[in-house]
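Before anything else, here's the structure in question.
What's counted below: heavy atoms across the whole structure, side chains too, no hydrogens, waters or symmetry copies. Throughout, a chain's letter reflects where its sequence line sits, starting with A, and its residues are numbered from 1.
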Protein chains: 2
Amino acid sequence: MHSEVVASRNADQRDSSRESRNGTPQLDAVSLAIIQQLQEDGRRPYAAIGKAVGLSEAAVRQRVQKLLDQGVMQIVAVTDPLTVGFRRQAMVGVNVEGDVESIADALTAMSEVEYVVMTAGSFDILAEIVCEDDDHLLDVINKRIRALPGVRSTESFVYLKLKKQTYMWGTR
Amino acid sequence: MHSEVVASRNADQRDSSRESRNGTPQLDAVSLAIIQQLQEDGRRPYAAIGKAVGLSEAAVRQRVQKLLDQGVMQIVAVTDPLTVGFRRQAMVGVNVEGDVESIADALTAMSEVEYVVMTAGSFDILAEIVCEDDDHLLDVINKRIRALPGVRSTESFVYLKLKKQTYMWGTR
DNA sequence: GCCACGTCTGCGAAATCCGCAATCCACGAC
DNA sequence: GTCGTGGATTGCGGATTTCGCAGACGTGGC
């Protein structure tokens with residue numbers, strides 16, 4: 001045992017706390033392997049993960065805790081909102097004049113907005129919105145988002161059917 | 001104790017196995033409350049969840065197992081791919097002539113594609129792509145997606161910065 | 001009435017989680 | 001070279017959680 005990722009251990013382990021230039025922690029191979037295990041099953045026992053990545057149960061537990069504290073990953077239940085009673089979802093493309101980031105922050109503050117990303121292309125921001133019904137969706141897009149000062153225009157894509165939703169990159 | 005959601009228990013519990021017309025299971029208030037707990041912390045103990053929703057530990061465990069088996073939810077670690085070494089991500093809007101669903105299936109089959117949704121609006125499909133670098137991204141978009149028969153056109157939005165990623169609707 | 005079915009509860013055994021002290025190792029100071 | 005420091009890992013015992021199962025309960029079909 002202790003066969004999988006052992007080779008790079010001593011060389012890499014310090015990296016797990018080093019910071020790259022944008023402030024996000026640099027991850028070594030062992031932490032990536034741990035994340036991958038938890039992407040397959042977020043409730044997998046620490047001991048099983050340890051056996052897979054070549055670490056003791058306590059060490060895995062410590063690393064997982066740190067990854068959670070640092071915000072590198074979160075362990076959560078994910079659902080298809082359509083299954084769970086949120087009948088209207090949409091992706092909204094936003095064009096901004098002025099400070100894009102402050103608009104993105106404003107969108108982030110809205111509870112109906114699940115996902116915000118700044119992009120290059122014909123939209124400055126893409127935001128995913130989850131609502132209970134059409135009225136709610138209309139309200140969020142027209143009254144709240146378009147009302148933000150600096151929002152030049154928006155385009156909406158109402159979801160018809162979610163086909164895929166994965167969190168298992170790495171497992172290729 | 002046993003105070004939170006008790007009132008609707010006997011009336012609703014059978015619904016947890018009933019099917020709505022599109023084949024997705026109908027969820028009662030207790031299951032929703034359980035999901036909500038696990039959206040806050042995917043590793044929360046069953047006993048703690050039980051206390052919060054007014055059910056025994058064993059009952060919670062049974063329900064969670066069923067929700068997982070039915071595919072209503074999954075408990076997984078989620079990360080910002082940019083933090084974890086995938087340096088290029090993009091949302092791709094696709095326009096299709098002919099059968100949209102078969103194109104969506106083809107996209108779903110690609111391992112680089114994390115997210116596929118069929119939409120109403122100026123795109124038929126939105127797909128999120130996670131790649132290691134520019135070459136990889138270019139390859140996926142130009143060689144693989146545009147090559148699919150029936151794809152009329154695509155538009156790409158390369159991610160610059162992920163601002164928000166939540167799974168806590170319901171917690172409003 | 002009575003059986004079948006699905007769900008919930010209670011409980012004991014096994015496994016897991018948790019905190020802590022000791023150890024190991026790389027690295028810098030002197 | 002030696003010593004000290006800090007971070008990571010390990011090994012453990014006790015507390016907690018998970019797991020499987022048998023029994024109880026309520027509802028609907030016959």
Side-chain angles (χ1 to χ4, degrees), chain A residues 1-20 25-35 37-38 40-70 72-77, chain B residues 1-20 25-35 37-38 40-70 72-77:
Chain A
M1 64 182 74
H2 276 211
S3 52
E4 278 77 357
V5 201
V6 176
S8 59
R9 271 263 294 296
N10 290 339
D12 286 344
Q13 60 189 9
R14 279 168 293 99
D15 292 350
S16 66
S17 63
R18 198 195 295 163
E19 306 254 327
S20 66
Q26 201 66 14
L27 303 178
D28 64 10
V30 179
S31 288
L32 286 177
I34 291 173
I35 293 174
Q37 292 285 319
L38 289 170
E40 291 172 16
D41 174 7
R43 277 185 168 253
R44 186 162 296 170
Y46 296 129
I49 298 171
K51 202 168 345 181
V53 307
L55 232 55
S56 70
E57 176 267 343
V60 172
R61 178 156 37 92
Q62 218 169 267
R63 283 198 184 225
V64 168
Q65 193 54 54
K66 195 159 81 170
L67 290 170
L68 295 174
D69 290 342
Q70 288 175 150
V72 172
M73 70 170 180
Q74 34 183 339
I75 300 177
V76 293
Chain B
M1 65 181 72
H2 276 212
S3 53
E4 279 75 359
V5 201
V6 176
S8 59
R9 270 263 294 296
N10 290 339
D12 287 343
Q13 61 189 10
R14 278 169 293 100
D15 291 350
S16 67
S17 63
R18 196 197 296 164
E19 306 255 326
S20 66
Q26 202 66 13
L27 302 177
D28 65 11
V30 180
S31 288
L32 286 177
I34 292 174
I35 293 174
Q37 292 286 318
L38 289 169
E40 292 173 15
D41 174 6
R43 276 183 168 256
R44 184 163 296 170
Y46 296 128
I49 298 171
K51 201 167 346 180
V53 306
L55 234 54
S56 70
E57 174 268 338
V60 172
R61 180 156 36 92
Q62 278 172 174
R63 284 199 183 223
V64 168
Q65 192 55 54
K66 194 161 82 169
L67 291 170
L68 295 174
D69 291 341
Q70 287 175 151
V72 173
M73 70 170 179
Q74 36 183 337
I75 300 176
V76 293

Gap between atoms CG and C1', on A:Leu55 and D:dT10 respectively (whole Å): 10 Å

Over all atoms of both residues, closest heavy-atom pair of B:Val64 and B:Met73: CG1-CE, 3.8 Å

For atom CD of A:Gln62 and atom C1' of D:dG11, their distance in whole Å: 13 Å

Heavy-atom side-chain proximity of A:Ile35 to A:Val72 below 4.5 angstrom: yes

Terminal axes of the helix from C:dG1-D:dC30 to C:dC30-D:dG1 (five pairs each): angle between them, nearest 10 degrees: 30°

Exercise: identify the closest heavy-atom pair between A:Val53 and A:Ala33: CG1-CB, 3.6 Å

Which residues share a side chain to side chain donor-acceptor pair (under 3.5 Å) with B:Arg61, sequence neighbours left out: B:Glu57

Length of the CZ-P vector between A:Arg63 and D:dG7, whole Å: 15 Å

Atom-to-atom span, NZ of B:Lys51 to P of D:dT16 - whole angstrom: 11 Å

Check: A:Gln65/A:Asp69 side-chain N/O donor and acceptor closer than 3.5 Å: yes

Which atom of B:Leu55 lies closest to which atom of B:Arg63, heavy atoms considered: CD2-NE, 3.8 Å

Considering all heavy atoms, the nearest A:Arg44-A:Ile49 contact: O-CD1, 3.6 Å

Rounded interatomic separation in angstrom, taking CD from B:Gln70 and P from C:dG6: 13 Å

Under-4.0 Å side-chain N/O to phosphate OP1/OP2 contact, B:Lys66 with C:dT7: yes

Working for side-chain contact (heavy atoms from CB on, under 4.5 Å), residues A:Val76 and B:Asp41: CA-CA 5 Å; A:Val76 293; B:Asp41 174 6; over 6 Å; no

Spacing of A:Ile49 atom CD1 relative to D:dT10 atom P, expressed in whole Å: 14 Å

Grab the N/O contacts between the protein and nucleotides 15-18 of chain C below 3.5 Å, and write none if there aren't any.
from   : atom 1 : to      : atom 2 : distance (Å)
C:dC17 : OP1    : B:Arg43 : NH1    : 3.2
C:dC17 : OP2    : A:Tyr46 : N      : 3.0

